[in-house]
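Below: the structure, in structure tokens.
Numbering starts at 1 and runs along the sequence shown. What you see is a predicted model; the values in this text were computed from it and never measured.
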Amino acid sequence: MPRPSLLKCLTQVTSPHHTARCMSTYIQASIKSTSSSNLRNASENRRPTSQALPSKARVVICGGGAQGAAIAYKLAQAGWGSDVLLIEQGELGGGTTWHATGLMGILKPSQLETRIAVMSRDMYLQLEEMGWYTGFKQCGSLYVAKKKDRMYQYKKMLSCAVQHDLECKILSPDQVKEYCGLVKTEDLLGGLWVPGDGVANPWEICLALGCEAIDKGVQVIEHCTVNSIKQEDGKVRAVETSKGLVECEYFVNSAGFWSRHVGEMSSPPVAVPIHPCEHYHLHTKPVPDLPPDTPVVRDPDGFVYFRENEGRFLAGGFEPKAKPAYMDDELPEKRAELTEDWDHFHLLLENLLHRVPTMKNAILERLSNGAEAFSPDGQWILGQAPELENYYVAAGMRSNGIASAGGVGTIIADWIVKGRPPFDMYGLDIARCLGMHNNKRFLRDRVKEVPGLTFSLNYPHTEFSTGRALRTSPIFPKLQLAGAQFGQVMGYERPMFFKLKKPQSLDLGLLGL
């Protein structure tokens, strides 16, 4: 439990209706708030899904989250609708989507991710033009900084925004206070204002994409699990499911944190190196006079963020040392909340209350803990698997699912239809992953570091400290004794330079794996 000083600040009120699996507060509130709107809620206008499994389909998509629904929608737009089958083990939008915070951060430190996020935003605006409610609210993002190097990063992001035609500007501490009076600015050096950012409703977007895909001929089968992927001459040929066999030409693995498990169902297995970590969201009861136009505030130096959520605070963060989920257990068949660990969340809670003193007076509704999947280098895993032809993967979105779903759907659909992605995917392509990266012990150790990368300062030549010594040369011990400082390249430990007075300390627990 949190320390006594923090318990005074947040009073916990437990709802009698709270269950092991509950939708995000944002989703529940949004369904009520749009009943009188001209836009339609997809959750109240669901299309009937198919009951009978077809014997053939050109494309089979495994996973009915925002990524899978976007891929199906874009394939249908390309005229492939009647040849697409989407399989979901539960209900459409029932995976990570229900646990999402709905942050739509368009400008990101990575140019490639920014480009994909712009494509996502454009898709959701098109959905609203079609009459679907997406919950997209352009409230802006306010990034704050208390480190000099963080301000340099914001200046770099400002220059990168030009090529994407995104408006943003550098702020002084006084200007930060003008944009959000809730933020404590005494220890800040400045900030970055991105007015085009906002929030959206992941669940409604997923269901709206599903409705549009079904209207264009896509078949959706719910409560159906994939058992194996059949291949012939190195190409995908069929998918064995709990409801029968489906012959197909293409298979898309967008199964969320089950993607690694699905990858092992083929022969040869497809390496999708991801592992889930615990990811926390703090929900408060409604806060009096909380402005509805409050921007999404990100404090990377404090590892936290918060947003206004129907008159409430919705906050979270990416702690420097994450806690892997399901370390010894198999992944559950259905998505469920994990037991909250207040001791682990304490660092984020302390930083939240420091940055937003008003939150001390809020009443706690709950602390939710859901599993989010991360890759060993913290980058998304997209593209055609090298092990099997016509096998595509969209996984490891590291809690950026809704901000990336529209762009990822466009990329994977283009890759399938045209045989190539719409632009260079270097850095995100699954081809960078090797079989050794899919080792469960390696992933379990490495992902402790990965979530923290989201808010870290990306200095040149940064190296991981966990999951090392996957590949070593015969003279590795001698090089280490000689003071070699190693860098890891495709698992190989390569001496970068020598530093005799300070031998490098490496986690050698995986030596010889």
Side-chain angles (χ1 to χ4, degrees), residues 2 6-15 17-18 22-37 99-105 133-144 171 173-188 191-204 280-300 302-317 345 348-368 402-403:
L6 297 182
L7 280 172
K8 296 177 183 177
C9 301
L10 282 170
T11 306
Q12 184 169 11
V13 177
T14 306
S15 167
H17 304 292
H18 181 71
C22 48
M23 282 194 245
S24 90
T25 308
Y26 182 65
I27 292 171
Q28 292 173 328
S30 296
I31 293 173
K32 298 173 185 176
S33 65
T34 57
S35 57
S36 59
S37 169
H99 182 254
T101 54
L103 302 187
M104 280 291 296
Y133 169 73
T134 65
F136 183 61
K137 180 172 68 172
Q138 210 167 40
C139 56
S141 281
L142 179 61
Y143 294 81
V144 300
L171 304 177
D174 289 339
Q175 289 175 313
V176 168
K177 196 73 173 179
E178 291 175 8
Y179 279 92
C180 185
L182 300 171
V183 175
K184 180 180 178 181
T185 59
E186 284 77 5
D187 58 344
L188 296 181
L192 178 72
W193 171 244
V194 188
D197 283 3
V199 296
N201 188 309
W203 195 52
E204 290 291 344
Y280 290 86
H281 298 142
L282 183 139
H283 303 259
T284 74
K285 290 286 187 179
V287 177
D289 302 322
L290 181 62
D293 59 348
T294 299
V296 176
V297 178
R298 293 176 174 86
D299 180 8
F303 322 116
V304 295
Y305 62 83
F306 78 89
R307 54 159 290 195
E308 182 274 337
N309 173 24
E310 306 291 344
R312 316 150 190 253
F313 282 115
L314 174 53
F345 186 71
L348 301 182
L349 177 60
E350 197 171 43
N351 290 344
L352 279 167
L353 298 180
H354 168 76
R355 186 58 58 211
V356 195
T358 308
M359 199 177 290
K360 296 177 182 178
N361 301 320
I363 298 175
L364 175 67
E365 181 178 80
R366 75 179 190 274
L367 178 68
S368 64
I402 199 59

Shortest non-hydrogen separation from [X] to [Y] and the atoms involved:
X	Y	result
Gly198	Val296	O-CG2, 4.2 Å
Pro202	Gly102	CG-CA, 3.7 Å
Asn351	Gly302	ND2-O, 2.8 Å
Gly196	Gln138	O-NE2, 3.3 Å

(request) Check side-chain hydrogen bond (donor to acceptor under 3.5 Å, both in side chains) between Arg298 and all other residues, then give those that pass, not counting sequence neighbours. (result)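 Scan of Arg298 (side-chain hydrogen bond (donor to acceptor under 3.5 Å, both in side chains), adjacent residues dropped) gives Ser141.
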Starting at [atom1] of [X], measure out to [atom2] of [Y] and round the result to the nearest 0.5 Å.
X	Y	atom1	atom2	answer
Lys184	Thr358	NZ	OG1	12.0 Å
Tyr133	Asn201	OH	CG	5.0 Å
His281	Thr101	NE2	OG1	4.5 Å
Met104	Lys137	CE	NZ	14.0 Å
Tyr280	Leu348	OH	CG	9.5 Å

(request) Test Leu188 against Val176 for side-chain contact (heavy atoms from CB on, under 4.5 Å), laying out the working first. (result) CA-CA 9 Å; Leu188 296 181; Val176 168; 4.2 Å; yes
(request) Would you please name every residue forming a salt bridge (charged side-chain N to carboxylate O under 4.0 Å, His left out) with Asp299, sequence neighbours left out? (result)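 If we apply the salt bridge (charged side-chain N to carboxylate O under 4.0 Å, His left out) test to Asp299, skipping adjacent residues, the hits are Arg355.
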Backbone N or O of [Y] within a donor-acceptor pair of the [X] side chain at under 3.5 Å?
X	Y	result
Glu308	Glu310	yes
Thr284	Phe313	yes
Lys177	Val183	yes

(request) Name all residues meeting the ring-ring contact (aromatic ring centres under 6.0 Å, His included) criterion together with Tyr305; count only those two or more places apart in sequence or in a different chain, and write none if there are none. (result)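 Once residues adjacent in sequence are excluded, Tyr305 has no partner under the ring-ring contact (aromatic ring centres under 6.0 Å, His included) criterion.
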(request) Under the ring-ring contact (aromatic ring centres under 6.0 Å, His included) rule, collect the residues that match up with Tyr179, sequence neighbours excluded. (result)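 So Tyr179 forms a ring-ring contact (aromatic ring centres under 6.0 Å, His included) with Trp193.
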(request) Go through the structure and list residues passing side-chain contact (heavy atoms from CB on, under 4.5 Å) with Pro291, not counting sequence neighbours. (result)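 Pro291: side-chain contact (heavy atoms from CB on, under 4.5 Å) contacts with Asp293, Thr294.
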(request) Could you tell me which residues satisfy side-chain contact (heavy atoms from CB on, under 4.5 Å) with Pro286, sequence neighbours excluded, listed by chain and number? (result)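 Applying side-chain contact (heavy atoms from CB on, under 4.5 Å) to Pro286 gives Arg312.
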(message) Using side-chain contact (heavy atoms from CB on, under 4.5 Å), reason through Leu103 and Val199 one step at a time and then give a plain yes or no.
(response) CA-CA 5 Å; Leu103 302 187; Val199 296; 4.3 Å; yes
(message) Within the structure provided, determine whether Leu171 and Leu142 are in side-chain contact (heavy-atom separation under 4.5 Å).
(response)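 Heavy-atom side-chain distance check passes, below 4.5 Å.
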(request) Determine whether Leu290 and Leu182 make a side-chain contact, defined as any pair of heavy atoms from C-beta on separated by less than 4.5 Å. (result)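 Touching, per the 4.5 Å side-chain cut-off.
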